[in-house]
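In what follows, chains carry the letters A, B, and so on, assigned in the order in which the sequence lines appear, proteins first and then strands, with residues in each chain numbered from 1.
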2 protein chains.
Amino acid sequence: MTVTLADVAARAQVSPATVSRVLNGNYPVAASTRERVLRAVDELDYVLNGPASALAAATSDLVGILVNDIADPFFGIMASAIQSEIGGPGGRAGGERLAVVCNTGGSPDRELTYLTLLQRQRAAAVVLTGGAVEDPQHQAAVAQKLRKMTQAGTRIVLCGRPPADDTGAVALTFDNRGGGRALTEHLIGLGHRRLGYIAGPEERTTTRHRLEGHREALAAAGIEEEPGWTVHGRYDRRSGYEATLELLRRDPSLTAVVAANDSVALGACAALREAGRRIPEDVSVAGFDDLPFSIDAVPALTTVRLPLAEAGARAGRIAMGREEPPPGGLATVRGELMVRGSTGVPRG
Amino acid sequence: MTVTLADVAARAQVSPATVSRVLNGNYPVAASTRERVLRAVDELDYVLNGPASALAAATSDLVGILVNDIADPFFGIMASAIQSEIGGPGGRAGGERLAVVCNTGGSPDRELTYLTLLQRQRAAAVVLTGGAVEDPQHQAAVAQKLRKMTQAGTRIVLCGRPPADDTGAVALTFDNRGGGRALTEHLIGLGHRRLGYIAGPEERTTTRHRLEGHREALAAAGIEEEPGWTVHGRYDRRSGYEATLELLRRDPSLTAVVAANDSVALGACAALREAGRRIPEDVSVAGFDDLPFSIDAVPALTTVRLPLAEAGARAGRIAMGREEPPPGGLATVRGELMVRGSTGVPRG
DNA sequence: CACCGTGCCGTAAGCGTTTTCTACATGGAG
DNA sequence: CTCCATGTAGAAAACGCTTACGGCACGGTG
């Protein structure tokens, strides 16, 4: 039916072993023989049977990248960077590695399922991106799975995710707390005293860290947060829009709104504008991440730039064993405050 | 070393065959036996060896999704919809299917490589999204590969891509031409006579079709396009920014700029604003795709909404054999003109 | 009571590679 | 001229699963 290695061998008048060797290029083969084999491969246009190969070699060319939301450029940018480091030549069987991204949709169950699937496929490595869910039970399940996988020789790296202790996974985490703090300090420095905060989903580490940074800044400035100044939502613009309406209802005197990320900030801008508030004259708005579109907002968004592509590339290289993991298996990646037009001095 | 099916069988006091059967659930097994097996699986926490399974069964649980640019929400939204239809239970071995997205970066070579990799893995299906590259040689190579894969039983569906005749692939194409035409007709209807056009990369089908639609509208209105009114670029905002500057240099009297997509349109807006042109009073701007952020532009972008998620979901279902392919293996999906604030009546 | 269909389950033959071990030349050193 | 290192290639044993085939109980039918 389909052409196999044996067919190629027959045609090239060599043994299957030899064909395998030229394909894998990990064993000396005479140039003339190699050429004969290659020609046969071509003529029959043979394609290696991946599963068979993986079975025999006890490892595959698969590398997984887990993301929370593939439609969100935040993850897209990271995934793209990771993939470009991971893909390309260097796989087994003279081939490329198959770098694939899996969309968990932020669901812990799907995350675990994908991990199992990747484990089942004997993936060579997997990179997990984005914040983790804080449910202890789920975290334990993930940690256990990660431990199993690293023990089985799968390299695991966390990109933009808190470390998972004792699992053998190396982590590149974003300094969300520091970024959140810098943003709010900036606003306080401008003179704001009444700041609304639109947080992400309650159960995510990213959400908590950014919020904690915000509150640290408030505390440091001696500002007491009033109840109702913080609203939880999702990481999309729609959520930002709705949360802002709620914030306005709760306290119309807010002079600044800090958003969980740039998309949320955009939704906030839309809501504020509809409510007749000018930005930044009446209300300042700040985002997080500095995604490409945030510079096109009018006014351009003040935000914290996260080096998504750089971190992703580094994570990819570490996953491929092409770069040393950071000492202790943990590195913190800082963001950079980008001050733009959406924040300004409050009136009065 | 790692626990195998045989270990589970031993522990459950049954034969390997029985274990396989309860795992695959495709053969009657007594309830009591099944439970015993399941318990053993749990106690040993056994994970199936995917490659071995795929080898024996001559097919895998893998489903591939090819995208041109994973960092672009256009693809992210489609991929997300496809993946949510494809993933989930229904795979072999009582498990989920592994739906993975592969980022070609728009490179024909990488596209082919990924196809080969997926073929090698004996993928159950693959969905290709986004426009194709027009190079005849590359198209032939892709067509040949697709043909091979469909013959081998892999279901192939093209989503937002022109059909590939004679390959057995089913296609859901977007009516880019119609959308482009509608957009320009709208502008002409408003009174515009001097329209700049920022096209995508020259070699992509999507680019050509949108441009042809634009020109059809011009021709139908008896407007003769002047040389220099069309600039080619990439599908990102940076490119839109630069192309607009070029357009302005070539012909400052343009009253409208039609962009290849929304990101490009955003870049165009930025350039126009910097050049001191108001939108839409001085220059109207139109985009394409209606990505989420385009409604947040100020003014909101007039554009053509493509039902990305719907088309993706349908493609996913077809790939899974859960929905009948359209008659003739080809369906055209139309866009919808969304008139918003970025287009208006020209001055004078 | 004999017989056969039915429901479960075990046996064993693959599936297509990789890789260890062995074997055969060949050529240079002693 | 002998011997051994070296370079190259073949034989065959895994790798862990699926599944066709056969067999054994069991219970219902003739």
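- With a 4.5 Å cut-off on side-chain heavy atoms, A:Val29 and A:Val14 do not count as touching.
- Among the heavy atoms of the strands lying under 4.0 Å from B:Thr18 are primed sugar atoms or P, OP1, OP2 only; no base atom is included.
- For the side-chain contact (heavy atoms from CB on, under 4.5 Å) test, no residue two or more places apart in sequence or in another chain qualifies with A:Ala58.
- Identified under the side chain to side chain donor-acceptor pair (under 3.5 Å) test for residues 157-167 of chain A, with sequence neighbours left out: A:Glu111-A:Arg161.
- Regarding A:Gln121, its CD atom lies at a distance of 15 Å from the P atom of D:dG16, rounded to whole Å.
- Closest of all the heavy-atom pairs between A:Tyr114 and A:Asn103 is CE1-O, 3.4 Å.
- Put simply, CG on B:Leu23 is 11 Å from C1' on D:dT18, counting in whole angstrom units.
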Could you run down the sub-3.5 Å N/O contacts of the protein with nucleotides 24-28 of chain D?
none

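- Between B:Ser20 and the phosphate of D:dT18, there is a side-chain N or O to OP1/OP2 separation shorter than 4.0 Å.
- Partners of B:Ala30 according to the side-chain contact (heavy atoms from CB on, under 4.5 Å) rule, which considers only residues two or more places apart in sequence or in another chain, are B:Ser32, B:Thr33.
- Between the P atom of C:dG16 and the CG atom of A:Leu44 lies a distance of 15 Å, rounded to the nearest Å.
- Remark: B:Val29, B:Ala30, B:Thr33 in residues 29-36 of chain B come within less than 4.0 Å of DNA chain C through at least one heavy atom.
- Residues passing the side chain to side chain donor-acceptor pair (under 3.5 Å) test with A:Arg314 are A:Glu323, sequence neighbours excluded.
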Side-chain polar contacts of residues 39-47 of chain B - donor-acceptor pairs under 3.5 angstrom, sequence neighbours left out - could you list them?
unit_1  : atom_1 : unit_2   : atom_2 : d
B:Glu43 : OE1    : B:Arg11  : NE     : 2.7
B:Glu43 : OE1    : B:Arg11  : NH2    : 3.0
B:Asp45 : OD2    : A:Lys148 : NZ     : 2.7

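- A heavy-atom distance below 4.5 Å is not found between the side chains of A:Met78 and A:Ile65.
- For B:Asn24, no side-chain nitrogen or oxygen approaches OP1 or OP2 of D:dC17 to under 4.0 Å.
- With sequence neighbours excluded, the residues satisfying side-chain contact (heavy atoms from CB on, under 4.5 Å) with A:Asp109 are A:Ser107.
- Residue A:Asn26 is in sugar-phosphate contact alone, with no base atom involved, counting any heavy-atom pair closer than 4.0 Å across all strands shown.
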Any N/O pairs under 3.5 Å between the protein and nucleotides 21-26 of chain C? List them or say none.
none

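- Taking atom OH of residue A:Tyr46 and atom C1' of nucleotide C:dG16, one finds them 7 Å apart after rounding to whole Å.
- Taking side-chain N and O atoms only, B:Thr4 has no distance below 4.0 Å to OP1 or OP2 of D:dG16.
- Taking side-chain N and O atoms only, B:Ser15 has a distance below 4.0 Å to OP1 or OP2 of C:dG10.
- Rounded to an integer number of Å, the gap from B:Arg122 CZ to D:dT18 C1' is 16 Å.
- Here the side chains of B:Ile86 and B:Val127 are in contact, with some heavy-atom distance below 4.5 Å.
- Atom P of nucleotide D:dC17 and atom CG of A:Leu55 are separated by 9 Å, given to the nearest angstrom.
- Comparing the end axes of the helix from C:dC1-D:dG30 to C:dG30-D:dC1, each fitted to five base pairs by superposing C1' atoms of four pairs onto the next four, gives an inter-axis angle of 50° (nearest 10 degrees).
- Every side-chain contact (heavy atoms from CB on, under 4.5 Å) that B:Thr173 has, sequence neighbours left out, goes to B:Pro163, B:Ala171, B:Leu330, B:Thr332.
- Residues A:Ser15 and A:Thr18 have side chains that bring a donor and an acceptor to within less than 3.5 angstrom of each other.
- Among residues two or more places apart in sequence or in another chain, the side chain to side chain donor-acceptor pair (under 3.5 Å) test is passed with B:Thr104 by B:Asn68.
- Using a 4.5 Å heavy-atom threshold, the side chains of B:Leu5 and B:Asn49 count as separate.
- Summarising the geometry, the separation between CG on B:Asn49 and P on C:dG16 is reported as 17 Å, rounded to the nearest angstrom.
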